[in-house]
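A short write-up of the structure that comes next.
Because the structure is a prediction, the values reported are computed rather than measured.
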Amino acid sequence: MRWFTSIRPPGDRRTIGTALIVVSLIATVVSLLLPAQLFNGNRSVAAARQGWIDDGRGTTSTPYGPLTALDRDFVRKVRLAGLWELPAGRQAQERGFRKATRTAGDHLVAGHTELDRRAIEAGRALGISLPNQPGEKQQQLLAEMDAAQGEEFDRKLANILRMAHGKVFQLIAVVRHQTRNSMVRSLADRANAVVLDHITVLENTGLVDFEPFDDDVL
């Protein structure tokens with residue numbers, strides 16, 4: 001019996017070696033990139049669950065301390081609240097059917113005038129871009145309240161704004177706990193007091209039903 005040994009030419013061996021190296025490099029790159037993508041995805045999901053939006057800019061340094069994506073989104077949301085809840089408060093002052101609704105309007109106007117000023121000051125000092133008009137959803141809610149009359153107006157305003165304040169109240173707690181920026185902390189401290197006051201006066205109208213409500217307003 002004769003035995004034959006297959007001998008690959010040197011060129012073939014070099015080609016196979018090169019291919020193995022390329023495959024190994026690709027695998028290494030994938031293993032490095034995939035965890036980062038998963039981390040960023042998980043971070044965005046966690047942010048959404050807490051009621052804020054990650055702008056992807058990470059943490060930056062400021063004279064007032066580190067500024068995180070959470071901090072920036074909070075300042076933007078305080079400004080956004082003023083852009084539509086302040087006009088709603090003026091409507092409550094002028095069109096409230098119940099005295100308690102007009103009283104709530106007084107608190108809304110005073111509170112959001114102050115918070116809006118503070119948010120603008122923080123935005124300038126920290127280099128945060130701020131909205132200058134309500135979002136589409138907030139404009140729809142303003143139009144819905146504007147179209148209502150009498151007791152219906154009071155009920156819509158009390159429930160819509162109570163829901164909005166309840167949602168931002170949760171975000172304030174997260175920011176106050178996590179922020180290391182002194183200006184953002186000061187804004188959160190004041191927002192906590194103002195928003196709690198607004199929740200109280202809205203509930204004092206006796207019109208809040210506390211039933212599950214569409215909370216996609218922030």
Enter the distance from [X]:[atom1] to [Y]:[atom2] here, rounded to the nearest 0.5 Å.
X: T68; Y: R57; atom1: OG1; atom2: CZ; answer: 11.0 Å
X: L115; Y: L187; atom1: CG; atom2: CG; answer: 6.5 Å
X: L141; Y: E136; atom1: CG; atom2: CD; answer: 11.0 Å
X: I53; Y: D73; atom1: CD1; atom2: CG; answer: 5.5 Å
X: R162; Y: F210; atom1: CZ; atom2: CZ; answer: 5.5 Å
X: T113; Y: L108; atom1: OG1; atom2: CG; answer: 10.0 Å

Expected list for residues 118-125: side-chain donor-acceptor pairs under 3.5 angstrom, two or more places apart:
unit_1	atom_1	unit_2	atom_2	d
R118	NE	E114	OE2	3.1
E121	OE2	R117	NH1	3.3

Any ring-ring contact (aromatic ring centres under 6.0 Å, His included) pairs touching [range], not counting sequence neighbours?
range: residues 113-135; answer: none
range: residues 108-130; answer: H112-H165, H112-H198
range: residues 123-147; answer: none

Show which residues join V109 in its hydrophobic cluster (side-chain heavy-atom contacts under 4.5 Å, direct or indirect), or state none. L86
Hydrophobic cluster membership, [X] vs [Y], 4.5 Å side-chain cutoff:
X: L207; Y: I199; value: no
X: I172; Y: L126; value: yes
X: L157; Y: I160; value: yes
X: L196; Y: V201; value: no

Identify, with sequence neighbours excluded, every residue that meets salt bridge (Lys or Arg N to Asp or Glu O under 4.0 Å) alongside [X].
X: R79; result: D116
X: D55; result: R72, R76
X: R176; result: D189

Taking every non-hydrogen atom, the tightest pair across [X] and [Y]:
X: G105; Y: A92; value: CA-CB, 3.6 Å
X: P66; Y: T59; value: CB-CG2, 3.8 Å
X: L202; Y: A158; value: CD2-CA, 4.1 Å

Which atom pairs, donor and acceptor, lie under 3.5 Å between side-chain atoms of residues 145-155 and protein residues at least two apart or in another chain?
unit_1	atom_1	unit_2	atom_2	d
E151	OE2	R98	NE	3.2
E151	OE2	R98	NH2	2.6
D154	OD1	F97	N	2.9
D154	OD2	F97	N	3.1
D154	OD2	R98	N	2.7
D154	OD2	T101	OG1	2.9

Under the side-chain contact (heavy atoms from CB on, under 4.5 Å) rule, collect the residues that match up with R102, sequence neighbours excluded. K99
Sorted by chain and residue number, the side-chain contact (heavy atoms from CB on, under 4.5 Å) partners of T179 (sequence neighbours excluded) come out as D71, V175, N181, V184, R185
Hey, does the side chain of N159 reach the backbone of D209 with a donor-acceptor pair shorter than 3.5 angstrom? yes
Exactly one candidate in Q170, H177, Q178 meets side chain to side chain contact (heavy atoms under 4.5 Å, CB included) with V174; the answer is Q178
Y64 atom OH: more than 12 heavy-atom contacts under 6.0 Å: no
Do T103 and T205 come within less than 4.5 Å of each other through their side chains, counting heavy atoms only? no
Set of side chain to side chain donor-acceptor pair (under 3.5 Å) partners for H107, sequence neighbours left out: D197
